[in-house]
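One structure is given here, and the rest of the page talks about it.
Keep in mind that this is a model prediction, so the values were computed, not measured. A, B, ... follow the sequence lines: proteins, then strands. Residue 1 opens every chain.
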Number of protein chains: 2
Amino acid sequence: MSTITNIRQAVPDRDDLAEDGGSSIYERLRDDIIHGRVKANERLKVAELASRMGTSTNPVREALQQLRGEGFVIMTPNRGARVRPIDEEFVRDICEIEVLIEPALTRWFVGIVTKSDIEELERLQEEIEALNFGDEMKHSNLDLQFHRLMYDRHYNRHAVDLWVRHRHILWAISRGFPTSLSRQANVLEEHRELIACIRNQDVEGAARAIGRHVEGSGRHIIERMRLDKRHG
Amino acid sequence: MSTITNIRQAVPDRDDLAEDGGSSIYERLRDDIIHGRVKANERLKVAELASRMGTSTNPVREALQQLRGEGFVIMTPNRGARVRPIDEEFVRDICEIEVLIEPALTRWFVGIVTKSDIEELERLQEEIEALNFGDEMKHSNLDLQFHRLMYDRHYNRHAVDLWVRHRHILWAISRGFPTSLSRQANVLEEHRELIACIRNQDVEGAARAIGRHVEGSGRHIIERMRLDKRHG
DNA sequence: GATTGACAAATAATGTACGATCTGAAAGTT
DNA sequence: AACTTTCAGATCGTACATTATTTGTCAATC
């Protein structure tokens with residue numbers, strides 16, 4: 001019978017050294033969906049996934065339920081789970097929402113920012129520029145710290161959670177993709193302009209800057225997805 | 001195209017008499033959390049819930065995982081699930097997000113609206129005014145149809161899903177709460193103005209109208225929550 | 001005598017196994 | 001050809017085993 005061939009196999013021989021390795025069933029499944037290793041609308045059979053993951057069915061079922069809650073799989077009673085397609089539209093949809101949310105978060109930040117906050121932003125930005133996209137992981141971490149400094153203290157926890165989740169998804173999608181030189185330059189420029197607006201207490205300017213930042217990021221990811229799809 | 005009435009369990013069954021029958025574990029748990037029948041940060045023990053629901057532990061675990069995915073419970077490894085507090089802040093947070101999203105959806109709708117759409121909106125509005133908040137359930141359904149007509153065809157399915165979920169939560173919270181006369185008048189007025197702006201192709205006016213609509217709705221719910229808390 | 005630390009028992013979460021029930025589709029019947 | 005029956009495959013629910021955490025007790029130390 002035809003089976004899902006693209007899902008990551010359970011680690012065959014290296015047992016117990018890396019324990020779970022931090023990758024739970026949930027994370028592996030989510031990663032497979034986000035990276036398109038399982039086709040859109042493909043059926044996810046619990047028994048099959050369980051044997052593939054090397055566990056029994058129960059953990060798989062619970063992981064699927066969690067993914068259902070997050071909207072990554074669609075479940076119908078007595079008929080199991082299907083993959084929700086993670087395509088360019090999905091990225092576009094997320095980014096469009098962020099284009100609405102992040103400027104709002106940023107406006108608030110401009111209103112409560114302190115001198116030391118700005119200094120910290122500048123310090124992070126210097127680190128980012130010094131690194132110059134040399135290490136994808138480090139850059140991602142610095143960039144996360146940069147934006148987290150702006151959003152973490154916001155009173156609307158729900159909005160911030162949404163941002164965190166969206167960022168997580170986008171990061172998972174774009175991990176491994178190279179960043180074009182053009183996009184690199186734009187990222188640095190957008191960050192610098194953002195800092196300048198914040199320092200000048202230019203609320204609307206900061207909002208516009210972050211809006212462009214999000215939009216550019218989304219466009220870049222979509223372009224990379226297209227290239228990736230074409231060249232395998 | 002197949003029927004759009006794909007609403008899961010849209011039938012509001014009010015039979016609380018049968019302990020095991022009727023609604024699913026998931027819905028009962030979610031309802032308990034949203035309505036504050038379980039205290040904030042209270043620990044949710046699977047065995048206890050299972051015996052209370054009259055089932056074994058597995059369905060409860062899966063329901064909890066789904067709720068975790070939706071953000072209603074917080075789970076920590078080997079330490080179980082805790083209730084996420086559903087309070088006034090939560091409502092405010094949701095409404096603030098909707099104040100950002102719904103105007104964007106509305107702007108798009110103004111751009112694609114047809115004559116028959118406007119006629120349908122007006123027909124629904126007439127029904128709403130004729131009903132005049134006589135039946136909470138019917139009003140809620142009509143209001144849902146009203147806004148669904150505007151949003152359902154939007155290309156950003158993710159944003160629409162978010163709206164649906166938020167609306168669902170707010171509806172569950174405010175169910176049973178009476179609507180003040182003042183709020184009733186405002187709702188009708190806001191709908192009328194919204195329709196007028198749409199007919200006149202006044203994009204920004206429509207966006208402002210829906211923004212006020214959402215904001216007023218949120219404020220009303222929060223006020224009712226305060227009253228409810230005070231008087232038991 | 002009160003506090004702290006270790007150790008044991010209880011409690012609860014997590015994982016495994018299996019039977020019951022439902023679905024989908026291919027067989028067989030009119 | 002349409003309807004019914006049958007059956008394999010998958011989901012869903014129950015029971016149990018395992019593992020981790022919390023709690024309670026008691027002795028040792030300050």
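- Contact annotation for B:Leu44: backbone-only contact, meaning every heavy-atom pair under 4.0 Å involves sugar-phosphate atoms and none involves a base.
- The distance between atom CD of B:Glu48 and atom P of C:dT11, rounded to the nearest whole Å, is 13 Å.
- Look at CG on A:Leu64: it is 9 Å from P on D:dT11, rounded to the nearest Å.
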Protein and nucleotides 17-19 of chain D: nitrogen or oxygen contacts under 3.5 angstrom:
none

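- Note: B:His154 and B:Phe109 fail the aromatic proximity criterion, with ring centroids not under 6.0 Å apart.
- Between B:Leu49 atom CG and C:dA12 atom P the separation is 11 Å, expressed in whole Å.
- With a 4.5 Å cut-off on side-chain heavy atoms, A:Val46 and A:Leu49 do not count as touching.
- Rounded to whole Å, atom C1' of D:dT21 lies 13 Å from atom CZ of B:Arg82.
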Between protein and nucleotides 12-16 of chain D, what N or O pairs are separated by less than 3.5 Å?
residue: D:dC12; atom: OP1; partner: A:Asn78; partner atom: N; Å: 3.0
residue: D:dG13; atom: N7; partner: A:Arg61; partner atom: NH1; Å: 3.3
residue: D:dG13; atom: O6; partner: A:Arg61; partner atom: NH2; Å: 3.3
residue: D:dT14; atom: OP2; partner: B:Ser56; partner atom: N; Å: 2.7
residue: D:dT14; atom: OP2; partner: B:Ser56; partner atom: OG; Å: 2.9
residue: D:dT14; atom: O4; partner: B:Asn58; partner atom: ND2; Å: 3.1

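- With sequence neighbours left out, A:His220 forms a ring pair (Phe, Tyr, Trp, His ring centres under 6.0 Å) with no residue at all.
- Qualifying salt bridge (charged side-chain N to carboxylate O under 4.0 Å, His left out) partners for B:Asp161, counting only residues two or more places apart in sequence or in other chains: A:Arg84.
- One interatomic measurement links the two molecules: CZ of A:Arg43 to P of D:dG9, which rounds to 13 Å at whole-angstrom precision.
- For the ring-ring contact (aromatic ring centres under 6.0 Å, His included) with B:Phe146, the qualifying choice from B:His191, B:His139, B:His213 is B:His191, the only one to do so.
- Cation-pi check for B:Arg165 over B:Trp163 is not met; the charged atom does not lie both under 6.0 angstrom from the ring centroid and within 45 degrees of its normal.
- Take A:Arg82 and apply the salt bridge (charged side-chain N to carboxylate O under 4.0 Å, His left out) test, not counting sequence neighbours, and it matches no residue.
- Taking the salt bridge (charged side-chain N to carboxylate O under 4.0 Å, His left out) definition, one finds that A:Arg157 meets it with nothing, sequence neighbours left out.
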